[in-house]
Structures are given as structure tokens and as C-alpha cells.
Amino acid sequence: MSAKEFMEWSSQVFDEVMRASGVKRGVDKITRPIWSWALRNSLFPLHFGIACCALEMAAASAPRWDAERFGFVFRSSPRQCDVLLVNGWITSKLRPDLRRLYEQMPEPKWVVAMGECAISGGPWYDSYNVVQGVDTFIPVDIHIPGCPPRPEAMLDGFLKLQDKIRHSTKGTFLED
Amino acid sequence: MAEMWINMGPQHPMTHGLWNLRVKVDGETIIEAEPVVGYLHRGWEKLTENRTYPQIIPLSDRLCYGASMSWSHLYCLAVEELMGVEVPERAEYIRVIVLELQRIASHLMWIAAYGTDLGLLTGFTYAMRERELFLDLLQSVTGARITYNYPRIGGVRNDLPAEFERDCLRALDFFEKKLDEYELIYDGSKIFLMRTQDVGVLTPSDGMNLGVTGPNLRGSGVKVDLRKTDPYSVYDELEWDMCTHPDCDCYARYRVRMEEMRMSAYIVRQALSKMPPGPFRVKPPRNAPKRTAVARVEDPRGEGLMYVIGDGTDKPYRLKVRSPIFVSVSAVPAILRGYKVADVPAIMGSIDMCLGETDR
Amino acid sequence: MVEESGDSSDRKFSENAIVDLVRGKFPEGVTIGGIGPRRINARADRAALYKLCEFLKGDLGFEHVSSVSGVDRVDLFQVVYHISSYSNRCLLEITVDIPTDDPEIDSIAPLWGGADWHERETYDMFGIKFRNHPRMERIFLPEDTHYFPFRKDFKLWRR
């Protein structure tokens, strides 16, 4: 038996013992609220302005609305982010870059489509160069309607995302 | 040292929009730059050929979201010229008021973004706070925060609300005091001065040849402002001055915008006191005649021009938009050459990018 | 447009003086369509355009290209130049007709750097080629696009 085979065998046995004895489910149940609390209160969206809604995104982090009180801190690198906030129309030139940004973000990650353009193409529904909605190539968790949505609407969408995380987070072993 | 290309964008905190700046560097020095645009191109001019004249007004709001009012105004101006519609005088005054409020809001957005570029986060929070003041004023007139859909072919959609004059004057009084505070923050910051003075020099002859317009050109000391040199609306009935600065660098562009905000507040006060009573809208014809028309205005970012061709139907045959930032971006390689990579945010920030109108 | 009377003193040439000078220099190839306050409309032949622009820039003080736009008139293409002058305070519109089977015209980017990207955009959208342009490539659409979207025979897919 080689070292690699031994590792596989031992982890399999360990896994089965944990599952059969119910320890795994117990640990998951205990750690789930902790994980969920940590995840939902430090949602870091990507600092990525595309179009009109980017101004409302900036306004939401400005003094009157102050998104940071809910833990939304905009980060400039996709490798430090949990949320991809798509705030504008997606053209055929941008589409591969957006997909790559999404792939670069570490798990767990969520996508918020903000504004009509990101949801369905919006006023450019018959354009030859605009993708008809971001959910055609990236899974979207929250849609925020509006053209552009007000900053309150954007914050509300993020609070809904927190709600979603509260109800769906997995425990330490990432199993249900 | 080996030369190499660096991509700054499309996702980069410097870009303020969606574009890509490729710079070729030798060590730290930029020897060549190449802007790549088109990430927001949605075929605006083609889409307008399939929509009726009034349907295009909300679309033209979304050309430049930083200054949507001036774009829908420009569109209405071009179509009025095409159809031969006379706008009532009260509507012209209302337009001047909302345009200047929009100019202040746009410049405040620029100052806020420029602050974050150069590490002045205090400037961001202060300028965004006062911007809300003007967005509230515009919201009380139009009902929306950013995309207003307010000018109409032959006037404006609705009259100013009751007590608007009082609210507006109070906001301007408050704002002018705050403007002095910004000068304390920005001009008093040694880092801001070091990063902007003698950086990004654009000589007047280069600026004119490369087609740069607006505050960027006035920052090079050229006295050009279409509100004066090709007056539209009622700008020639109001007393005001052009703001220029002779230094040609990023700091000069910043100074021009600060002075323009003061001047806009002055224009709004005058227009409020001179505004005549009367109708604010006339009914335009449905179809445009078979001819062409051109209109140009001084956008907060430079010269905006629209060229419309009517063909006798209710849809334009062709509508061409000249965007000021589209041309200013093409001048970027000439401005950047010879500076360091660390100067790129300072120089690109001082141009006041808006990619929605660039890519159209 | 409001006619302003006070600004004529600091202008180098009035609209009529510009029209007379252009007519004297180009007796054929350029026709003047109409003159309005601070506006001149003209039509030019494809061959005369570059010479006309050289004359405008060198002798008449037209420093600034406002826009270069293409128009598809189905049986022919048009390129419309809006050239403005800061010292004369006037906007000159030049329309040039181009046959559809040979869409080529001289570039004015060597004269005014501001025309560079406008011409690239016109090529991108209409397929009109500009001779002697420093870089005749697509600007908005991806490089591998095989259509010219602003031509009238290109229909939007949801229409």
C-alpha cells in the first residue's frame, strides 16, 4: 500500500466513523450559526462600477446611507471579495472579463444583479451588443430592480442577501 | 530595464468606469499608452433609429449618468432645431437652472472621486454629502435622483415646485460656505498639491489639436466655453465669466472645476431672480421634416454635439453623438508620456471620465 | 438660436468672409449650401476634401474637429465633418458623398489629432476606410466582429 493509497483509505474510514456516530452532524449543527453570522456580517462586494447604478453604489457608501454599518466594505481585488455586484449592462466585450472576475473570487460567493440592465438588458433589450441579463452566464442570487435603484433599494437587496445566508449556510464540514 | 506592457483595467480602482488603459513602461516611466474602450458599447445611435423622438429622451439620460440632464437637454435642443420649435422663455430659464444644478452635482461627483484617487477620503465623504443636497433639489423638480427624463421637445415636463426658490437659495448659501471648506481640505493638503502640480501637463496647442474640450481645455488657459462662444438657451442674457487657469496641469483642472461650481451657483441665483412667468411647454409636431440639424452645448465634461437627420417620419434617420470624453481619452497617450506609473490615477482622474457617453 | 451682435468685433473672419475665401480658393469641388448665425453648410467632393481641410486649418484658423460622422443613405455613403473655429466662433459642416462600392476617403487625422478616434469609430460602424490613418482598426466592437452595425441593411435582432 503506497502512502497516497493509505491516506485515501484512512480518510475514508475516518469519514465513515464520523458519519455513523453522528459526530459530523453534531459539529455541523453547532458551527452553522457561527459561520452564518461571520459570513453575513462581513459581505465584501467587489469595487467594480459599470454604469449608472455604480453612482448609486457610490452614494450608498457615502455619508447619508453609509453601507459600512451593515458590513459592506468595497474591496478592489476579486480575491478578497464575497459578492459580485453587477451594476450595469453587460456587452459582448465585457462578458468574458466578468466571467473571469467571477471565477477569481473564492468560495463562498454570491452575485447581486443591480438594475434593469443587469437583470434583463433593460432599455437596451434590442441592442446587438448587450447580453440579455447577467443570469444567462453567471448564477445570480439577488435581483434589485430599478433604473437605477435608489441606494435604499440597494441596501435592502443586500439585507435580503444576509437573510438568504442566514437560512442556507452550511456548517464546518460544508454538508447538510 | 526591460520594457513591458501593463494592463490597468477593466477592473481597476483607477478607472471610474469600464475601460482599459494599457501602458508600456520602462522601469517606472511611461513611454507609451493605449486606451482600450468599448466595454460599454450598446449601439446607442442604432437604437435611436428604431424609436420615436419622445422615446429617445430617457435613453439620452443614460448616455452620461453623471450629467444626464445636460444630455437630454442637448437632444431636445437638436430636435427643436430640426423641427423648428420655439421654446417659451420660462422653460429656457428652468432649463438653465437645472443644468447648472446638474453641473454642480457632476463636479462634486468628480471632486469626490478625485479625492479617493489621491488618498483624500475625507474629500470623498464631504463632497458626496453636499452632492445629495443638489440631488434632492433636482429630485423635487423631476422626481428622480440620477436619470431625470425632464426636458421635453419644446420645453420641460413640469413647472418648478412651490417653494423651490427658497429651498434652492438656502442650499446654495449652505453650499458656498462648504466650498470654502473644500478648498481648505484640498489646497491645504500637501500630498494633494505634490501629486497634482506639474503633473499631466497639456499645452494649449496640443489640447486644441487633439480635440480636448471643456474644463480640461480651460485648465490649459484657452478661453473657450460654448455657453459664451456659441450661446444657446438664455446664457447670453445672464452675466457671468468664463473660468480658466493658465497652469495646464492637473491642479489647474481642479481649480477650474472649483471656480465653475461657484460660477454655476451665481448663474442659478441670477436665473431664479430673472425668471419670467408664462407657459413652460409647447406642443411639438409629431414628425420631423426632411432636413438635418446640429446642436452643441457645454456639457460639464466638454463640448457635446448632436447631429440629427430627419426623414419625414416620427423616427430619426440618423442621430450622431459627439462625446467630449471620447476625444479626451484619445488624447491620453500624449498627456501620459514621460510620467511615472504612480501619476496615472492623478492624471486620469483629472480628466473626469464618464464611459457611458464615450462608448455609447 | 439667438443672434448675438456684440461678438463680431473680436472675430478673425465673419461667416461671409469665410465663404468668400473658400469660394475663391476652390471654384469647383466645394459648394456652399447655407449660411446661418455661426453655422456654414458646405458640400465637398471626395478628392477636394483634404486640400479644403488643409486650407481651413492653415489659413482660416479652424483649430478643432467637433465630429466626424458617417451616414448610410442606402444608395451612397456620406461622411459629415463638423469643424469648428475658436477664433472665428463658427461651425462648418462639410458633407462628402462616397459610393457604396468603394468606401474610401482621405483621413484628416494627420491635420487634427482629434479626428483620429472619430474616424476609427466611423470605420467600426460603417466600414468606411480612411486612407493614411495611423491605425485603421475597430475601436468599440471586438476585433473578430464580421458586421458593420450602423449600415441600414443590418437589422436589430429583436425588431
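Here the structure is a predicted model, which is why all the values come from computation and not from measurement.
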Need one label for [X]: side chain, backbone, both or neither, based on atoms under 4.5 Å from any heavy atom in chain C.
{"X": "B/Glu49", "answer": "side chain"}
{"X": "B/Val37", "answer": "both"}
{"X": "B/Lys320", "answer": "side chain"}
{"X": "B/Ser328", "answer": "neither"}
{"X": "B/Leu319", "answer": "neither"}
{"X": "B/Tyr39", "answer": "neither"}
{"X": "B/Thr358", "answer": "backbone"}

Using a 4.5 angstrom heavy-atom cutoff, name the option from [options] with the most pairs to chain B.
{"options": "C/Glu121, C/Met125, C/Lys57", "result": "C/Glu121"}
{"options": "C/Asn41, C/Leu111, C/Val65, C/Ile139", "result": "C/Ile139"}
{"options": "C/Asp116, C/Leu91, C/Val68", "result": "C/Leu91"}

Distance from [X] atom [atom1] to [Y] atom [atom2], nearest 0.5 Å?
{"X": "B/Lys228", "Y": "C/Arg89", "atom1": "NZ", "atom2": "CZ", "result": "9.0 Å"}
{"X": "C/Ser84", "Y": "B/Leu226", "atom1": "OG", "atom2": "CG", "result": "7.5 Å"}
{"X": "B/Phe326", "Y": "C/Ser67", "atom1": "CZ", "atom2": "OG", "result": "10.5 Å"}
{"X": "C/Phe140", "Y": "B/Arg360", "atom1": "CZ", "atom2": "CZ", "result": "4.5 Å"}

Heavy-atom distance under 4.5 Å to chain B: side chain of [X], backbone, both or neither?
{"X": "C/Arg151", "value": "backbone"}
{"X": "C/Asp72", "value": "backbone"}
{"X": "C/Arg73", "value": "both"}
{"X": "C/His118", "value": "both"}

4.5 Å side-chain heavy-atom contact, [X] and [Y]:
{"X": "C/Tyr86", "Y": "B/Lys223", "answer": "no"}
{"X": "B/Pro231", "Y": "C/Arg38", "answer": "yes"}
{"X": "C/Phe150", "Y": "B/Arg318", "answer": "yes"}
{"X": "C/Ser69", "Y": "B/Glu45", "answer": "no"}

Got more than 12 heavy atoms from elsewhere within 6.0 Å of [atom1], [X]?
{"X": "B/Lys290", "atom1": "NZ", "answer": "no"}
{"X": "C/Lys25", "atom1": "NZ", "answer": "no"}
{"X": "B/Glu239", "atom1": "CD", "answer": "no"}
{"X": "C/Glu143", "atom1": "CD", "answer": "yes"}
{"X": "B/Lys24", "atom1": "NZ", "answer": "yes"}

Under 3.5 Å: donor-acceptor pair, side chain of B/Lys46, backbone of C/Lys155: no
Show the numbers, then the answer: is there a side chain to side chain contact (heavy atoms under 4.5 Å, CB included) between B/Glu303 and C/His64? CA-CA 11 Å; B/Glu303 174 195 352; C/His64 174 64; 2.7 Å; yes
Are B/Glu34 and C/Arg135 within salt-bridge range, i.e. N to O under 4.0 Å?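 A salt bridge links B/Glu34 with C/Arg135.
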Between C/Gly114 and B/Val327, what is the shortest heavy-atom contact and its length?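 Heavy atoms only, the tightest pair is O-CG1, 4.0 Å.
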Highest number of heavy-atom pairs under 4.5 Å with chain C among B/Leu210, B/Asn209, B/Leu40 belongs to B/Asn209
